[in-house]
Amino acid sequence: MPPATSSFSWSRPSRQYSPCSDETSSASISSINRIEPATAIVMQTYEQQPETSTAAASRRDNKETKKSNNKNKHSSIPMRKMFRYATVWDKVMIGLAMTCSILVGLLQPLSIVVFGIFINSTMEDYQEGGNSITDMAKYSALIFIAIGTVVMLLAYVGNCLWVISGENQTRRVRQLYVHAVMRQDMAWFDEAKDGSLIARLATDTHYYQEAISEKYGAMIRTAAATAMGLFQSFSVAWIVGAIVVGVLPALFGVAWFMDRFVSKHTQRVQDAYAEAGSIVEQALNGIRTVYAFNLQERFSRLYETKLLKTRNAGAQRALALGFGFGAFLFVLFSIFGFSFWFGAKWSIDGKIVGFRVMIAFFCVVLGAISLMKLPDQIAALSSGRASAYTIFETIARVPAIDTDSEEGLKPQQCSAGIKFRNVRFSYPTRPDIPILKNLNLTISPGMTVAFVGPSGSGKSTSIQILQRFYDPSFGQVLLDGHDLKELNLKWLRSHIGVVSQEPVLFNMTIRQNLLLGVDNPHDISQEQIVSACQRANCHSFISNFPEGYDTLVGEHGGMMSGGQKQRIAIARAIIKNPPILLLDEATSALDTQSERLVQRALDAASMGRTTIVIAHRLSTIRNADLIVVMDRGEIVELGTHSQLVQHNGVYAGLVQTQQIATEKQEEGQVIPESDHSKELIHLEGVRVRDRSAQDQQQQEANQASTIIQVPPNEFYTEDISNSQNNTSLFRRTSILRSSMDAYELKQRKNKQELKLRRQQDAPIGKMLKQVKSEWFFIFIGCIAALVAGAVYPLFAFTAGKCIYVLILPRDQIAPGPFEGANLYALLFVVFGVIAFIGYGLQNWMFELVDARYTARLRAMLLRVYLKQEIGFFDQEENNIGALSSKLAADTKAMSEMFSKVPGDIMQAISTTICGLAVAFAHEWALSLIVIGMSPFLMGSSFYEARLERGYQDKVAKAHEHGSEVAGEAIKEIRTVTALGKQAHFESKYAKTLEKPHELARRKAFRASFGYALSQGFVLYVAAVTYSSGVMFMQQGRLQFDDLFICLLTLMISMQGVGRSSVFATTFVKAKTAAIGIFEILERPSHIDPDLEGIETATTSISGDISFENIAFCYPTREKPIFDGAFSLYGRAGQTIALVGGSGCGKSTTIGMLQRWYDPTMGNVRLDHHSVRNFTLRNLRSHMALVGQEPVLFDMSIGDNIRFGVDEGRFVTQDQVEEAARAANIHKFISELPEGYDTRVGDKGSQLSGGQKQRIAIARALIRKPKVLLLDEATSALDSESEKLVQEAIDNIVRLGGRTTVTIAHRLSTIQNADLICVIKDGRVFEQGTHWELLELNGEYASLCREQSLTVQ
C-alpha cells in the first residue's frame, strides 16, 4: 500500500516569530482589563508559518530552534517594544508618567540655576550693605517652596502611574505566559523543565515589571536631570559642560565594566547554586534511600563541594562589586575636581564670571549624583529586557498541535471506530530512535482492545498519538474515517476519556475534580454525579466522608488512598461519557482488593464504548475483545486471551510468568471466581465512616478556634436542598475548605508564626559564634563603612567652600598652589580616593562575608536535615519546597544580618556624626533648624524604602499561591490537556493575581507619598534654611560660606542617613529567618544517628528478625497501624513475604526494621538485639532496600551501584560488574556507548522502569546485606521487565546467606517464599507456605483466585 497522506491539513497563515517584532492585537489586549482566562485575551497575537508533520521537518525545526536559541542567548527586547502588551489606557498612563518624570528631572537642575542666581544676588547685596537681603530671601524661599510643591505633585503622580501601569502590564503578561505554556504541545514540554517554567513565571516577570515601572521612570528622570544639568552648564559656562562631556565616557566605561563583571560572576553564583540545589532536591526526594544506604555524609560532602564553587564565585563577585563601585566613585569625584579646577582657572583669567562657574559646577554635580544611581537602573532594565525576550518568545509561539485553533471538523456523532494506518513515530527529543514502525490496526466501534508488551514497545505512545499529544512522523490515525488532523482538536479530546496508572487529582474537592471531566459543569446534576460514582464503585466511601462530595482530596490527592484516587478518576471519565476510553495501567500499582474494585469499575465503564487498555497485570485484560502484543514498535501477536494462550507464543509466555500455581488445579481447569466486590465496598465504607467519625471529633474540638466560612462552589450552582436522596452527601459545613481556603488557612498560620518570631529576640550571640571565622572581614568592613559614611558630609563641606570661593574676587579664588580653588579641587580627588577605599572595601568585605557565611550556613542546615528522623519529613510544614526555601532564601536573609546591617549602621553613624560636627562647628542655630526638619527628609527615605521592601515580601508571598496553581497544572499538563481544562486553570491562576494587584495599587498610593516627599521636601528645607541663614547673616551671626556649608552638609547627610536606615527592615527580616533556621539547627532528632550503640560486623550477623507485640501510629496520622497485636518471627536465610491490602502495615515493617520510625510499644529485633541498641549507621549497614519506585541519583550507573557500599570501603570495577550480572543488567550496561559511565539522568529518566529497578538491585547486592528488603520491587513493571527483575531476585534468593523480606501484590512473584504472612486488621492474619495457605482456603486463597489467569 502506498504511503497514506492526510486528505486535509489545517494550518494558520504565519511568519517566523521574532520576539522583537511589534505586532500585537490591540483588541485582544484591551479585553484583559477583567480577570478572566487568557484564552479570552489573545487568540492570535502573532502569525506563524505553515506547519509540517514530518519527522524530517520536525528535526530541522529543532535544529534551527537550537541555533536560534544559541544565537539569541543574550538577546533582549528593545525598550520601545517592552510595552507591547499595554492597553490604550496603559499607554496614556505611561505617557503621563514619562512627562512627570521628565519634568521632575528638569526642575531639579533648574532649581540649582535659580539657587545660583539668588546666591549671587544675595552676595552682591550683602557686600553693598544688605538693605534688600531679607526681601530677597523671602522671595527666594517662596520660589523654592513653589518648585518643591510642583516637584512633589509631579513625583507622586508619576510614580503612581508607573507602578499601576507596570502592574497592569505584568499581570497581563503573566496571564498570557500561563496561557501560552498551557497551550503548547507535548513536544515542547519534553524539552522544557517544569521547574524552569514555574521559576520563569516568578522571576522573569518580576524583572520585567521592574524594567517597565519605577526603574524605567527613575532612568528617565536621571536622563532628564543629567541632560538638563549638562545643557545648563553649557548655557552658563560652556567650558565646564565641555569638560564634563569629554570625561563622561570614562565614567560610563567604569559602569559598563562593573555591570559586565558583576553580572558575569552573579550568573556563575546562580549556576553553581543551581547545581548545589539539585543535590539537595535529590537527597530530600530520595530521603529513605539516602538513609537506607547511609548516604548522608556523601551527599553532605557533595553539596559542600558544589557550595565551594558558589563561595569562590561569590568572592570574585564581591571583589568585582567592591572594585567597580569604588572606581565609579573615584572617577566621579575626579570629574568634580577637574571641572571645578578648570572652571576656577577660567574665572581667574577673566574668561567667565565666577558665579556662572558655580552654577555650571552644581548643575554638573546634580547630574553626576543622578548618574550614581545609573548602574542599578541599567542593571534592572537589562535584566528586564533579557527576561522579556524569553517570555515574549513563549507567548508568541504557536504550537504545531494548537489547542486554541477553532479549525477542523466537528462531526455530529462519534462512532469511535479507530484505525492506525502505516503509523511510524519517533519522539522529537529522540528523533533517531523509532518508537512505532508501520503500525497497522483496526478497532471497531465498541471493542475493548488491550495492548501488552515490554517497556518501550510503543503502547503508551499509541494512546498519546490518539489524543494528538503528538502527530505521527508518517502514516495516519483515523477516527470514523477522518484523519485526526482533520478534526477539531478540542472536539477530539472532548470525546476521549483517560484513566492513567498514576491518577491525577487536583487540590480541590471531590466534586470539583469530578466535574473537571465535563465541558459544562453547570449542566451536570447531583444525580448524574452520584450515578457515575456508583458505576465507579466510589460512591460508598465518598458518602461516608463528613463532607461527602465536598471533601478536599489534598495536594496530589494525598488524602485519598491509591484505590480511592483511581476510582474517582474513573468516575471523572464516566461522567464525561466519552465514546472512547483509554486506560493506561489503571490498576498496576494497586493491592489485590483495590485492584478488584477498580477493575470492576473499569469493566462497567467500558460497556458501550470503544476502550483501549494498556496492562501489565494480564489478569485484568483476559476478557478483552482483542489483545495486541507489541514489541519494539511492531505488533507481534493478535487475538483473544484464549487464542493467544493456545498459540503458545509471546503472550502465553507472559501468562506463564504471572501464573499462580494451585494445588488441585488440572491444566485447562477453570478456577471459579468468588465475587467479594460488594462486601469489599461495604467494608471500605465502614472503615471510612469510622475514620471520619474520629476526624469529626477532632474537628469539633478545634472548631471553636478555627471556623472558616466557605465561598460558593465554583462549579455547583443548583439548590442542593432539592435533592431528596442525597442531601447528606452534598451538605456544606463550616469546616469545609475549598482549595483557596486551604491556602488562606496556611497563610494565616504562617502569619501567626511570623508574628511570634518577631516578638522573640534576635539570636545575635549564636550567630556571632557561627560567623567567628568572618570576624576579621566584618571588622574591616565596619571600618570601611565608617570611612565611606564620612565622604558625603566632607564632600558637602567642600562644595560649600567652593560656592564661596567662586564668588570671591578673581585674585582670591586661588591665591596659592594649595589654597582656594586649587585646594578644593585636590580635595575632590582625595575624596575620590577615600570613596574608592571606603565604599570599595565595604562592598568587598561584606559581600565576601555573605558568600562565605551563606555557603557554610547552607551546608550546616543540610547536615541537620539529614540527621532528622523520617517523621520530620512527613510533617506538612517540612515538605521539600519549604525545606529547600529555607536553604535558598532564609539562609540568604539570615546572612544579611552581617552582610548588610553592620555596614548600614556604621555608615549611618559616621554620616550623622560627621555631618553634625561640620554643621555645628559653623553655626549651631542654623544646624538645629535643619535638624528640626531632618526627620521629614530621613523619614521620607525610610518610609519609601520600608514600604518598598514590605511590598516585595508581601507580593512574593501572594504570588506563592499563583505559583502553586500554575505549577500543579504545568506538572500535570498531560492530564490537564486530556481533560481540555487549560482555560479552567488559567482562570484559577488569574484569580490568584487579584491580591498582588491590590497590593500594587496600595503601594502606588502609599509608597509614592514617601518618594514624593524625598524628591520635593529637599527644596522646602533649602527654602527655610536659606531664608533663616540670610536673617542670621543680616544679624551678623553668620558668614556667607558658613550658611552654605551648614545647608549642604546637613541636607546631604540626612538623605544619606535616610537611605542607610533601611537596615531596620533588613534586621527584622534577618532576625525572623534566623529564628526559623535555629529552630531546625537545634532540633534534636527523635532517632539520633550520632547516638552510640552496638557496632557489629556484617559477618557476625545471622539475619534473624522479630516483631514482638508492636503498636505503631504514624506521627502525622490519628489512626494507629498496629495496636499491639502485631508479632512476626523470621529465621536467618528465610524468604518472608508480606501480603495484604493497602494501608495494612506491610511497608511499615520495613520502616521499623530500618529505624525510620520506632514503635510506640513492643520490640523490633535483629539477631535478638533490639534495633534501638545498634548504632544507626551500623544497623542499616546490615540491610539493603529495593523499593517499588527505585531512586537513582543523577550520576553515572557505576556511581549509583557503588552507593550501595558504605563509605570507606574500596570498590573495584569487578565488584560492580559482578553485582550487575547478578541483577541481570550487566549486558545492557556494557552495550551502552559509555558503559558504566553513562549518566542515568534526573530520577533515572534516561532508563526504563525495569532497567532502573535492576540497577537498584545491583546497588543492594554489592552491599552484601544480611537482610534484603524488597518493597513491591516488580509491581509497576511490564511483564518482560518483571520477568528479568524477578529472575534477578530469584538468583539472590537461591544464593542464600541472607534473610529476604519481600512485599508484593503480584502473588505469582512470592509463591515460592519460605513464609507468607497475610497482614490484616493490624496483625498477622494468616501465615505459612503458599500451599499451606491455599489449603486453609482463607484470605490468601481468595487473593490467589482473584489473580488467576488460567483459561478454559
Side-chain angles (χ1 to χ4, degrees), residues 288-295 870 1087 1089 1093-1108 1110 1126-1139 1145-1159 1162-1188 1190-1191 1203-1206 1209 1219 1222-1223 1256-1273 1288-1304 1309-1310 1312-1317 1319 1324 1327:
R288 284 169 170 79
T289 302
V290 170
Y291 280 14
F293 290 94
N294 290 324
L295 300 176
I870 292 293
I1087 301 176
I1094 299 173
E1095 293 277 354
T1096 308
T1098 302
T1099 53
S1100 303
I1101 295 290
S1102 300
D1104 294 326
I1105 61 171
S1106 64
F1107 296 82
E1108 301 171 355
I1110 298 298
F1126 181 79
S1127 295
L1128 173 65
Y1129 303 93
R1131 294 193 307 275
Q1134 277 191 328
T1135 296
I1136 304 157
L1138 307 180
V1139 299
K1146 302 185 300 296
S1147 297
T1148 305
T1149 59
I1150 286 180
M1152 287 190 287
L1153 268 175
Q1154 286 268 312
R1155 279 204 78 196
W1156 295 343
Y1157 306 94
D1158 280 338
N1163 272 313
V1164 181
R1165 298 183 183 276
L1166 176 64
D1167 277 8
H1168 311 295
H1169 297 291
S1170 173
V1171 293
R1172 295 174 189 254
N1173 295 336
F1174 286 87
T1175 300
L1176 199 55
R1177 184 179 184 84
N1178 182 261
L1179 171 69
R1180 291 170 180 166
S1181 70
H1182 305 313
M1183 305 179 193
L1185 172 70
V1186 182
Q1188 177 179 349
V1191 175
F1203 265 18
V1205 178
D1206 280 347
R1209 284 175 53 193
I1257 291 173
R1259 179 176 61 194
L1261 289 180
I1262 201 171
R1263 195 172 182 82
K1264 298 188 183 303
K1266 284 296 182 179
V1267 181
L1268 179 62
L1269 308 173
L1270 306 173
D1271 189 358
E1272 292 288 349
I1289 293 173
D1290 292 342
N1291 289 338
I1292 299 167
V1293 173
R1294 280 195 297 270
L1295 290 172
R1298 62 176 56 85
T1299 305
T1300 303
V1301 179
T1302 180
I1303 295 172
T1309 63
I1310 52 96
N1312 296 321
D1314 299 310
L1315 179 66
I1316 299 174
C1317 300
I1319 301 176
V1324 177
Q1327 61 179 325

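Hydrogens, waters and symmetry mates play no part in the numbers below; they use all other heavy atoms, side chains included.
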Strictly distance-based, threshold 3.5 Å: is any side-chain N or O of [X] a donor or acceptor partner for the main-chain N or O of [Y]?
X     : Y     : answer
T1299 : G1133 : yes
D1104 : R1131 : no
R1263 : M1183 : yes
H1182 : L1166 : no
D1167 : S1102 : yes
R1180 : R1155 : yes
N1173 : I1094 : no

Checking side chain to side chain contact (heavy atoms under 4.5 Å, CB included) for the pair L1128/L1138: CA distance, chi angles, key distance, verdict?
CA-CA 10 Å; L1128 173 65; L1138 307 180; 3.9 Å; yes

Exercise: identify the closest heavy-atom pair between [X] and [Y]:
X     : Y     : result
L1261 : A1222 : CD1-CB, 3.5 Å
Y1129 : S1106 : CD2-CB, 3.5 Å
A1304 : V1139 : O-CG1, 3.6 Å
A1219 : A1258 : CB-O, 3.6 Å
L1176 : P1089 : CD2-CA, 3.8 Å
V1171 : M1152 : CG2-O, 4.1 Å

Passes side chain to side chain contact (heavy atoms under 4.5 Å, CB included), R288 versus D1271? Steps please.
CA-CA 12 Å; R288 284 169 170 79; D1271 189 358; over 6 Å; no

Atom [atom1] in [X], atom [atom2] in [Y]: separation rounded to 0.5 Å?
X     : Y     : atom1 : atom2 : result
I1303 : L1269 : CD1   : CG    : 8.5 Å
S1181 : I1101 : OG    : CD1   : 8.0 Å
T1149 : Q1154 : OG1   : CD    : 11.0 Å
L1179 : E1095 : CG    : CD    : 10.5 Å
I1316 : T1302 : CD1   : OG1   : 10.0 Å
I1257 : L1185 : CD1   : CG    : 11.0 Å

Might you work through the side chain to side chain contact (heavy atoms under 4.5 Å, CB included) test for Y1157 and T1148, ending with a clear yes or no?
CA-CA 8 Å; Y1157 306 94; T1148 305; 5.8 Å; no

Are side-chain heavy atoms of [X] and [Y] found at a separation under 4.5 Å?
X     : Y     : result
I1087 : W1156 : no
T1096 : K1266 : no
F1126 : I1319 : yes
P1265 : R1298 : yes

